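Only one structure is covered here, and it is reproduced in the block below.
Numbers here simply count residues along the sequence, with the first being 1. All values derive from a computational prediction rather than experimental measurement.
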Amino acid sequence: MKNRIYLDDWLVMKPYEKQTASDNFYLKICNDVKKTLIAAKHFNSFQSYLSNEEIDSLCCFLTSYFEDLMSETNIWNSFIRKHHELYKKYLPFYELEDYYDNEINKQDISFLIWYYLSAYLDGEEINAESHFIIHTADQVFDLFEKTWDVAPSNVHLKSFYQLDDKEDNFYIVRNLIDLTFLSTYLFYPDTRVRIQESAQNFILNPDKEEIDDEQFVSQYNELRDNNLFEMHTRLLGLSGKEWVSEILGKNHVLGTSIREISPKVTSVFLYKGQDEDNLFLEHIATGIPFEVIKKSYEKSHLLTEIDAIVYMGIVRWKNEWWFSGLSMQLEHNHDSIMMEKQ
């Protein structure tokens with residue numbers, strides 16, 4: 001096991017790559033958490049479940065919870081408030097008589113340790129009230145409490161979880177969903193790991209046909225795009241759009257629009273023409289017409305032949321259909337059209 005956790009390790013759970021003013025402070029706390037874990041009499045319990053790298057990530061994970069509360073990024077608070085809305089209790093498992101919203105709590109840290117272990121041990125049952133979890137949470141809580149009054153707010157971090165009330169670009173919202181699933185500490189052991197594993201399986205798949213670099217990038221982006229719209233978190237079973245809406249807050253103007261983003265439709269269409277603003281498509285299987293906003297599809301100039309077959313992914317946002325994911329123009333084939341309609 002390496003002696004300390006370094007800045008690069010800490011930044012893995014951040015939506016930015018370059019160090020900010022507060023990162024050194026939290027990196028020191030992170031290393032203090034590691035020292036606390038190593039010195040604890042139950043450290044061998046963590047070693048029996050996690051690799052050295054995963055233990056370092058756990059330290060970053062717990063410290064990120066502390067930073068989240070200090071910076072008011074509303075990530076942890078979104079979880080406990082949604083849990084309370086659904087189950088009339090901020091957390092499962094634990095007694096919460098001395099629980100304080102918007103502050104650090106021993107029960108939070110116990111839950112986060114249990115959740116982290118459960119995510120990494122996918123399928124293996126962990127007792128959330130195990131002595132080693134409760135004891136470690138008590139010690140980490142004491143460490144956080146000593147610096148509660150001096151810990152800085154990470155203003156830069158908070159800025160990534162905000163959205164202009166007048167935002168009308170679907171891709172900005174999609175980027176926020178992507179950031180939430182891939183670069184947010186709370187989902188690090190969950191959606192980030194699962195998306196990375198699916199990407200790894202795609203890259204290493206020996207049965208994958210030979211494709212050029214451009215096709216590889218397109219198919220990889222399609223895989224990632226599908227995950228953003230189809231995946232649900234272990235925590236509360238919410239989708240990416242639901243988490244973004246929760247983190248932005250109940251009063252955000254775009255909250256409803258984000259929650260109402262449609263499922264992604266990926267299918268084959270007949271090209272029926274275009275005007276200045278829209279592409280006109282017809283879903284082959286059902287005959288349903290779609291108007292896809294033209295500014296979302298930079299290849300619109302390549303569509304010149306009426307009834308050309310187009311494979312495309314589209315998503316509805318604010319009553320407009322936006323291209324999302326992969327597209328390709330297919331050879332016109334009467335038999336394939338009839339099969340699709342059937």
Side-chain angles (χ1 to χ4, degrees), residues 1-2 4-15 22-43 45-47 49-80 90-94 99-100 102-121 126 128-148 150-154 157 183-193 233-235:
M1 174 178 285
K2 60 188 181 184
R4 59 177 285 107
I5 297 169
Y6 294 96
L7 182 64
D8 286 347
D9 304 316
W10 168 251
L11 291 177
V12 165
M13 295 190 193
K14 299 290 167 279
S22 62
D23 281 324
N24 278 337
F25 177 91
Y26 287 107
L27 182 59
K28 181 183 182 305
I29 299 295
C30 192
N31 277 290
D32 289 342
V33 171
K34 181 174 181 176
K35 291 174 187 174
T36 300
L37 257 66
I38 292 174
K41 60 182 178 180
H42 300 291
F43 183 58
S45 296
F46 288 98
Q47 289 182 305
Y49 290 123
L50 302 173
S51 68
N52 291 337
E53 290 75 15
E54 289 163 354
I55 289 173
D56 284 353
S57 292
L58 173 60
C59 297
C60 295
F61 178 71
L62 296 176
T63 306
S64 293
Y65 151 79
F66 180 45
E67 178 190 41
D68 168 20
L69 290 179
M70 296 305 306
S71 305
E72 299 181 343
T73 46
N74 202 34
I75 297 162
W76 176 252
N77 283 334
S78 291
F79 165 64
I80 59 171
Y90 285 117
L91 288 172
F93 311 133
Y94 308 111
Y99 191 86
Y100 301 98
N102 289 320
E103 296 185 20
I104 52 172
N105 291 277
K106 293 179 181 180
Q107 300 95 324
D108 292 347
I109 300 169
S110 293
F111 177 82
L112 285 167
I113 293 171
W114 170 84
Y115 159 60
Y116 184 94
L117 291 171
S118 297
Y120 270 100
L121 301 174
I126 303 291
E129 296 180 292
S130 296
H131 185 63
F132 83 94
I133 290 179
I134 302 299
H135 179 73
T136 303
D138 287 347
Q139 291 186 306
V140 172
F141 173 82
D142 290 341
L143 175 62
F144 289 163
E145 191 175 42
K146 290 175 184 176
T147 56
W148 176 258
V150 296
S153 171
N154 188 339
L157 176 65
S183 303
T184 300
Y185 80 93
L186 190 57
F187 308 112
Y188 177 85
D190 180 16
T191 50
R192 180 185 172 98
V193 169
T233 58
R234 285 184 167 93
L235 295 178

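Nearest heavy atom pair, residue Ala137 against residue Ile113, reads N-CD1, 4.1 Å. Across every non-hydrogen atom of Tyr49 and Glu54, the tightest pair is O-OE1, 4.3 Å. Residue Val12 comes nearest to Tyr188 through the heavy atom pair CG1-CE1, 3.5 Å, listed as atom of the first residue, atom of the second, then distance.
With sequence neighbours excluded, no residue forms a salt bridge (charged side-chain N to carboxylate O under 4.0 Å, His left out) with Lys146. Annotation: ring pair (Phe, Tyr, Trp, His ring centres under 6.0 Å) contacts of Tyr90 (sequence neighbours excluded): His84, Tyr99. Take Asn74 and apply the side-chain contact (heavy atoms from CB on, under 4.5 Å) test, not counting sequence neighbours, and it matches Asn77, Ser78, Arg81. For the side-chain hydrogen bond (donor to acceptor under 3.5 Å, both in side chains) test, residues two or more places apart in sequence or in another chain that qualify with Thr184 are Tyr161. Partners of Arg234 according to the salt bridge (charged side-chain N to carboxylate O under 4.0 Å, His left out) rule, which considers only residues two or more places apart in sequence or in another chain, are Asp122, Asp190. With sequence neighbours excluded, the residues forming a side-chain hydrogen bond (donor to acceptor under 3.5 Å, both in side chains) with Lys14 are Ser64, Glu67, listed by chain and number. Remark: Thr136 pairs with no residue by the side-chain hydrogen bond (donor to acceptor under 3.5 Å, both in side chains) rule, at least two apart or across chains. Every residue two or more places apart in sequence or in another chain was checked for a side-chain hydrogen bond (donor to acceptor under 3.5 Å, both in side chains) with Tyr6, and none qualifies. For the ring pair (Phe, Tyr, Trp, His ring centres under 6.0 Å) test, residues two or more places apart in sequence or in another chain that qualify with Phe144 are Phe66. Contacts of Glu53 classified as salt bridge (charged side-chain N to carboxylate O under 4.0 Å, His left out), with partners at least two apart in sequence or in another chain: none. Remark: Asp68 pairs with no residue by the salt bridge (charged side-chain N to carboxylate O under 4.0 Å, His left out) rule, at least two apart or across chains. Listed by chain and residue number, Trp243 satisfy the ring pair (Phe, Tyr, Trp, His ring centres under 6.0 Å) test with Phe187 (two or more places apart in sequence, or in another chain).
Here Asn24 contributes atom CG and Ile29 contributes atom CD1; the two are 12.0 Å apart, rounded to the nearest 0.5 Å. One finds the CD1 atom of Ile104 at 12.0 Å from the CG atom of Leu62 (value rounded to the nearest 0.5 Å). How far CD1 of Ile109 is from CG of Asp138: 8.5 Å, rounded to the nearest 0.5 Å.
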ring-ring contact (aromatic ring centres under 6.0 Å, His included) between Tyr116 and Tyr120, worked out: CA-CA 6 Å; Tyr116 184 94; Tyr120 270 100; 4.7 Å; yes
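Side-chain contact between Gln107 and Ile80 is absent, with no heavy atoms from C-beta onward closer than 4.5 Å. Two residues are said to be in side-chain contact when any heavy atoms from C-beta on lie closer than 4.5 Å; Tyr185 and Thr63 fail this criterion.
Atom CD of Gln139 has more than 12 heavy atoms from other residues, nucleotides or ligands within 6.0 Å.
Aromatic ring orientation, Tyr115 versus Phe111: parallel (interplanar angle below 30°, classes split at 30° and 60°).
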